[in-house]
Protein chains: 2
Amino acid sequence: MKRVIADVGERLRAGEYKLTPRREHILKVLLENKDKHLSAEDVYNLVKQKAPDIGLATVYRTLELFLDFDIIHSIDFGDGCKRYEFGNSEEGEQHRHHHLICNRCGRIIEVNEDLLEDLEKRVSREHDFTVTDHQLKIFGLCRDCVK
Amino acid sequence: MKRVIADVGERLRAGEYKLTPRREHILKVLLENKDKHLSAEDVYNLVKQKAPDIGLATVYRTLELFLDFDIIHSIDFGDGCKRYEFGNSEEGEQHRHHHLICNRCGRIIEVNEDLLEDLEKRVSREHDFTVTDHQLKIFGLCRDCVK
DNA sequence: CTATGTGCAAATCCTTTGCAATCCA
DNA sequence: TGGATTGCAAAGGATTTGCACATAG
């Protein structure tokens, strides 16, 4: 984790930005919740525990900054707000994972394999489109809700 | 098109709703723009040409209604508003098509083949998840923007 | 006639922005 | 010191809601 923070700091500095204490707190919260899908408000509430005087606007601004630097990704599950997750791009895994979304309980299950390579190749050939990323949501019913 | 309207009317009535003139206008606009991805505001402006005194709220309420009845689908391309498209579920094609989104010019290209069957089977087996639908967005650069 | 549908305006929700104060290199 | 960063409050944009009136069946 320290490694990641240092890395992010370096990346930001390379772009003329600073990794301020505020931003570091936000980054930590994101790292500590890698598996969750936090909204800006969620992040705000979590960061407030460490830095009670932080403003919501700062959270938004920082998330925007992290997005620009591809440090995090945002997804929209259609619940009215964007959600953010730490992007594991350090592992050389360019593509993000996919999500199974339960229509009934709203549970979100992550699928970590990337199964779209063939499809992408085909699509990019047929449509003359240079693929850089993709996002797949699969809707349905989870184990518990099928019953 | 008449056929579709009649069909929608029947479906609504079966659910205790009416296909009022207002709703029919909205439906027509959606049908006439099958290939586009209209926002609520877009629909509003188009319907106003036929029924100038329609209210934006009615458009929202009707779109919501159509969504409930699976008459249309909504997608979010991340431009700040939901976009709607007529769902071709009549043709027995349960799954909707996919979208290639150009990161540069914002162009959206539709891919009509459904290439995810295998993937879905695998995922549903591995995660004990009953798939009902999916949504795939592929990001990248279109032909013109690659240059 | 009665429930449903509608227009309008106000309210809401998430997010962004302006600005003065603060911080850090 | 000077530009970047921040908190606060206000603004913004999309969507929803309350309510009185209109309408369909």
Side-chain angles (χ1 to χ4, degrees), chain A residues 8-29 37-69 71-84, chain B residues 5-6 8-29 37-69 71-84:
Chain A
V8 167
E10 231 167 273
R11 280 209 263 166
L12 288 183
R13 272 185 293 278
E16 309 262 81
Y17 291 96
K18 303 166 194 165
L19 183 58
T20 62
R22 229 96 282 214
R23 290 175 180 168
E24 196 169 323
H25 276 132
I26 294 172
L27 179 58
K28 274 185 191 155
V29 162
H37 302 98
L38 304 176
S39 66
E41 191 101 27
D42 292 339
V43 173
Y44 174 60
N45 288 320
L46 288 164
V47 174
K48 260 210 301 207
Q49 292 169 15
K50 311 184 185 204
D53 60 337
I54 196 168
L56 182 53
T58 301
V59 172
Y60 275 105
R61 280 186 285 232
T62 303
L63 290 172
E64 188 58 37
L65 181 72
F66 287 173
L67 280 176
D68 281 353
F69 277 79
I71 293 160
I72 58 175
H73 294 135
S74 78
I75 343 162
D76 190 324
F77 292 118
D79 63 344
C81 62
K82 275 184 194 141
R83 296 183 167 277
Y84 302 85
Chain B
I5 295 175
V8 168
E10 233 169 89
R11 280 209 264 166
L12 289 182
R13 272 186 292 280
E16 310 262 81
Y17 292 96
K18 301 165 195 165
L19 183 58
T20 63
R22 231 95 278 214
R23 288 177 181 165
E24 197 171 321
H25 276 132
I26 294 172
L27 180 58
K28 274 186 193 155
V29 161
H37 301 98
L38 305 176
S39 66
E41 192 101 23
D42 292 339
V43 174
Y44 175 59
N45 288 321
L46 288 166
V47 174
K48 260 211 300 208
Q49 291 170 14
K50 310 184 187 208
D53 59 337
I54 197 168
L56 182 54
T58 301
V59 173
Y60 275 106
R61 280 186 285 230
T62 303
L63 291 172
E64 188 59 38
L65 181 71
F66 287 174
L67 279 176
D68 282 353
F69 278 78
I71 293 161
I72 58 173
H73 295 136
S74 79
I75 344 161
D76 189 325
F77 293 119
D79 63 343
C81 61
K82 276 183 193 140
R83 295 184 169 275
Y84 303 85

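The sequence lines fix the lettering, A, B, ..., with proteins before strands; numbering per chain opens at 1.
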Hey, is B:D68 close enough to B:R11 for a salt bridge, meaning N to O under 4.0 Å?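 B:R11 and B:D68: not salt-bridged.
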Distances for protein N/O vs nucleotides 16-18 of chain D N/O pairs under 3.5 angstrom?
| from | atom 1 | to | atom 2 | distance (Å) |
| --- | --- | --- | --- | --- |
| D:dG18 | O6 | B:R61 | NH1 | 3.3 |

Rounded to the nearest angstrom, tell me the gap between atom [atom1] in [X] and atom [atom2] in [N].
X	N	atom1	atom2	answer
B:L12	C:dA3	CG	P	21 Å
A:R22	C:dA21	CZ	P	18 Å
A:D68	D:dT5	CG	P	12 Å
B:D79	D:dT15	CG	C1'	14 Å
B:D76	D:dT15	CG	C1'	13 Å
B:R13	C:dG5	CZ	P	12 Å
A:Y44	C:dT15	OH	C1'	14 Å
B:Y17	C:dT6	OH	P	12 Å

Let me spell it out: for each of B:E41 and B:P21, pick the nucleotide of DNA chain D with the closest heavy atom. Which residue's pick is nearer the 5' end?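 Going by which nucleotide is closer to the 5' end, it is B:E41.
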For B:C81 and for A:I54, find the nucleotide of DNA chain D with the closest heavy atom, then tell me which residue's nucleotide is more 5'. A:I54
OP1 or OP2 of C:dG5 sitting under 4.0 Å from any side-chain N/O of B:T20?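 Answer no for this pair, as no side-chain N or O of B:T20 is under 4.0 Å from OP1 or OP2.
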Short side-chain N/O contact from B:R23 to OP1 or OP2 of C:dG5, under 4.0 Å: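 Yes.
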The criterion is salt bridge (Lys or Arg N to Asp or Glu O under 4.0 Å); which residues satisfy it with B:K50, sequence neighbours excluded?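 For B:K50, the residues satisfying salt bridge (Lys or Arg N to Asp or Glu O under 4.0 Å) (neighbours in sequence not counted) are B:E32.
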If you count every heavy atom of other residues, nucleotides or ligands that lies below 6.0 Å from A:F77 atom CZ, does the total exceed 12?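 Yes - once you tally the heavy atoms of other residues, nucleotides and ligands closer than 6.0 Å, there are more than 12.
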Using the test side chain to side chain donor-acceptor pair (under 3.5 Å), find all partners of B:T58 that sit at least two apart in sequence or belong to another chain.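 Partners of B:T58 under the side chain to side chain donor-acceptor pair (under 3.5 Å) test: none.
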For the CG atom of B:L12 and the CD atom of B:E10, what is their distance to the nearest 0.5 Å? 10.5 Å
State, with a plain yes or no, whether a side-chain heavy atom of B:N45 is found less than 4.5 Å away from one of B:E41.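 Contact flag for B:N45/B:E41 side chains = yes.
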Aromatic ring proximity, centroids under 6.0 angstrom, B:Y84 and B:F66: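 Ring centres of B:Y84 and B:F66 not closer than 6.0 Å.
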